[in-house]
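These notes concern the structure reproduced below.
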Amino acid sequence: MNNQKQQKPTLSGQRFKTRKRDEKERFDPTQFQDCIIQGLNETGNDLEAVAKFLDASGAKLDYRRYAETLFDILVAGGMLEPGGTLTDEVIRTDVCVFSAQEDLETMQAFAQVFNKLIRRYKYLEKGFEEEVKKLLLFLKGFSESERNKLAMLTGILLANGNLSASILNSLYNENLVKEGVSAAFAVKLFKSWINEKDINAVAGSLRKVNMDNRLMELFPANKQTVEHFTKYFTDAGLKELAEYVRNQQTIGARKELHKELQEMMSHGEPLKEISMYVKDEMKKNNISEQTVIGILWSSVMSCVEWNKKEELVTEQAIKHLKQYSPLLAAFTTQGQSELTLMLKIQEYCYDNIHFMKSFQKIVVLFYKAEVLSEEPILKWYKDAHVAKGKSVFLEQMKKFVEWLKNAEEESESETEEGD
């Protein structure tokens, strides 16, 4: 019999040695930097070799922990201090964006290095975006040539989809804007971006992050006008960007006009005040009469709850539109504006089925109220109508058009007899 006490089990568990085979080497930032810089220097400025070195090093070095250090080196040649200056005590490399040639082809080659690195190590995406945001805030600490290279590179990366346009938020920093750094940087950035893609692709990226209406903020408040923006970017060779912003401002102004008109009409503001407001907005935002008559029609038709019964809605519409006829007449002083209104009425009556039988009565009302005249109505009937409900509306208008033609002939014959 064994008199020795039986060893009781413990709760501490057993310790196993961790395998070292796949464990990444952990350094402090300085050691990590030395390792990266040494490897870059050995590539001899061959960017294909740089890409291969970075690809292989990710298996041994902790890119996740030292992403900021890695990107600092690839852009500036060493670790950056706050403000954008290089740390003094460390070694540097010339195999970086800031030491490269200042031309588009070289920056495209560097963009490929970043593209390959981020595709290989997807977890670096967020860190890279944060790095670019930081670099943009440091612009004042860089030389003009370094800014130009960074701008070209950023434009290419935006075009390639390696960055989101949200990084442009950094350019709205008050100090950068005030000193003109943001606008100058934006010129180089947009030139390289548009060179890679086109203005429509650029606009789509800006719209995705609600940046399409903020480009004016690249300038101080006292210079945030369409005129200043247009001149600055047109003079810099970016006419298509200038035109895009001008169009965006007009679209914004139209939306604001439509919204304000609906409020004024719902509050029963006098037509004279509404008319004065519209004329001021037209002048201020360079909105054409043809555009305004479309907005007015839409606003007038959307400020009332329409009857769902077809036999009653026509009577309701005539009564409502009679009230607003003087306002509409003030903005149909050109034949093209009248034709625009005719088309808007046609589209509305087709899109809102209860109004299908109301078209002719609305046109006759506007003719009597001098909102519409003979010539645009006859032109619409002959060849200026759209396909929507064409056969129905042309049939409705047939007798009225014949009456207009006869009245026109009688008027001409009376004029000839008078002569």
Side-chain angles (χ1 to χ4, degrees), residues 20-80 84 86-132 134-135 138 142-143 145-163 167 188-189 192-193 195-196:
K20 295 288 184 182
R21 187 175 63 200
D22 298 322
E23 191 177 287
K24 291 183 180 179
E25 297 177 47
R26 299 187 181 277
F27 303 99
D28 62 33
T30 308
Q31 285 176 308
F32 177 87
Q33 177 181 244
D34 292 348
C35 216
I36 292 292
I37 287 176
Q38 185 184 340
L40 290 175
N41 286 338
E42 287 170 5
T43 64
N45 274 312
D46 176 354
L47 294 186
E48 279 290 331
V50 168
K52 285 177 183 174
F53 161 70
L54 292 171
D55 186 295
S57 296
K60 296 180 291 179
L61 302 178
D62 197 350
Y63 281 176
R64 194 184 295 272
R65 177 177 289 191
Y66 299 121
E68 185 178 2
T69 304
L70 174 64
F71 292 129
D72 274 0
I73 295 166
L74 291 173
V75 173
M79 282 194 291
L80 291 169
L86 283 166
T87 308
D88 287 332
E89 303 89 38
V90 295
I91 57 168
R92 301 173 191 181
T93 179
D94 286 335
V95 185
C96 64
V97 173
F98 284 178
S99 296
Q101 284 183 285
E102 189 184 323
D103 60 64
L104 205 54
E105 194 178 338
T106 305
M107 291 305 109
Q108 285 167 335
F110 263 101
Q112 279 306 307
V113 171
F114 286 105
N115 182 42
K116 287 174 183 175
L117 177 62
I118 292 162
R119 280 172 62 188
R120 176 70 176 83
Y121 300 103
K122 292 285 284 182
Y123 59 79
L124 287 174
E125 274 182 357
K126 190 177 179 187
F128 184 53
E129 205 150 284
E130 291 305 312
E131 173 74 10
V132 175
K134 178 191 81 174
L135 291 170
F138 289 174
F142 305 145
S143 69
S145 176
E146 289 168 347
R147 285 181 211 159
N148 290 343
K149 291 170 198 172
L150 183 60
M152 285 189 275
L153 176 69
T154 306
I156 296 162
L157 292 167
L158 283 162
N160 293 345
N162 297 121
L163 290 172
I167 56 107
K188 292 282 184 185
L189 182 151
S192 67
W193 192 354
N195 179 68
E196 296 290 314

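Residue numbers count from 1 along this sequence. Values below: all heavy atoms of this structure, side chains included; hydrogens, waters and symmetry mates excluded. Fair warning: this is a prediction, and the values are worked out from it, not measured in the lab.
Atom CG of Leu153 is separated from atom CG of Leu163 by 8.0 Å, given to the nearest 0.5 angstrom. Taking CZ from Arg65 and CZ from Phe32, the interatomic distance works out to 11.0 Å, rounded to the nearest 0.5 Å. If you take CG on Asp72 and CE on Met79, they are separated by 8.0 Å, rounding to the nearest 0.5 Å. Interatomic distance, Ile73 CD1 to Ile37 CD1, rounded to the nearest 0.5 Å: 4.5 Å. To the nearest 0.5 Å, atom CZ of residue Phe98 and atom CG of residue Leu86 are 8.5 Å apart. Atom OG1 of residue Thr69 and atom CG of residue Leu80 lie 10.0 Å apart, to the nearest 0.5 angstrom.
Between Leu70 and Leu117, the closest side-chain pair of non-hydrogen atoms falls below 4.5 Å. Taking the side chain as every heavy atom from C-beta outward, Arg147 and Lys188 never approach each other to under 4.5 Å. Considering only heavy atoms from C-beta on, Leu104 comes within 4.5 Å of Ser192 through its side chain. Taking 4.5 Å as the limit, every side-chain heavy atom of Glu48 sits out of range of all side-chain heavy atoms of Gln112. Looking at Lys116 and Asp55, their side chains never come closer than 4.5 Å, going by heavy atoms from C-beta outward.
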Evaluate the criterion side chain to side chain contact (heavy atoms under 4.5 Å, CB included) for residue pair Ile36 and Leu74; output intermediate values, then yes/no.
CA-CA 9 Å; Ile36 292 292; Leu74 291 173; 5.6 Å; no

- Query: Between Leu135 and Phe142, is a side chain to side chain contact (heavy atoms under 4.5 Å, CB included) present by the stated rule, with each step listed?
  - Reply: CA-CA 9 Å; Leu135 291 170; Phe142 305 145; 3.9 Å; yes

**Study point:** Worked check of side chain to side chain contact (heavy atoms under 4.5 Å, CB included) between Val132 and Val75
**Key:** CA-CA 10 Å; Val132 175; Val75 173; over 6 Å; no

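Although no hydrogens or angles enter the test, the distance criterion places no donor-acceptor pair under 3.5 Å between the side chain of Asp94 and the main chain of Ser99. When atom types are taken as modelled, the side chain of Tyr63 and the backbone of Leu54 share a donor-acceptor pair closer than 3.5 angstrom. Under the 3.5 Å distance criterion, the side-chain polar atoms of Asp103 are matched with a main-chain donor or acceptor of Glu105.
Residues Phe53 and Cys35 share a closest heavy-atom pair of CZ-O, 4.0 Å. The two residues Leu47 and Ala109 make their nearest non-hydrogen contact at CD1-CB, 3.6 Å. Looking at every heavy atom in both residues, Cys96 comes nearest to Ala76 through SG-C, 3.7 Å. Shown here for Asn160 and Glu196, the closest heavy-atom pair between the two residues is OD1-OE1, 4.4 Å. Residues Glu125 and Ile118 come closest through the heavy atom pair CG-CG2, 3.3 Å.
With respect to Lys52 and Asp46, no salt bridge is recorded, no charged nitrogen being found less than 4.0 Å from a carboxylate O. Here Lys134 pairs with Glu131 in a salt bridge; the nearest charged N to carboxylate O distance falls below 4.0 Å.
Glu102 and Ser145 share a donor-acceptor pair across their side chains, judged by distance under 3.5 Å alone.
For the side chain to side chain contact (heavy atoms under 4.5 Å, CB included) criterion with Met107, the lone passing option out of Leu150, Ile156, Leu157 is Ile156.
The aromatic rings of Phe114 and Phe128 lie parallel to each other, with less than 30° between the two planes, well short of the 60° mark.
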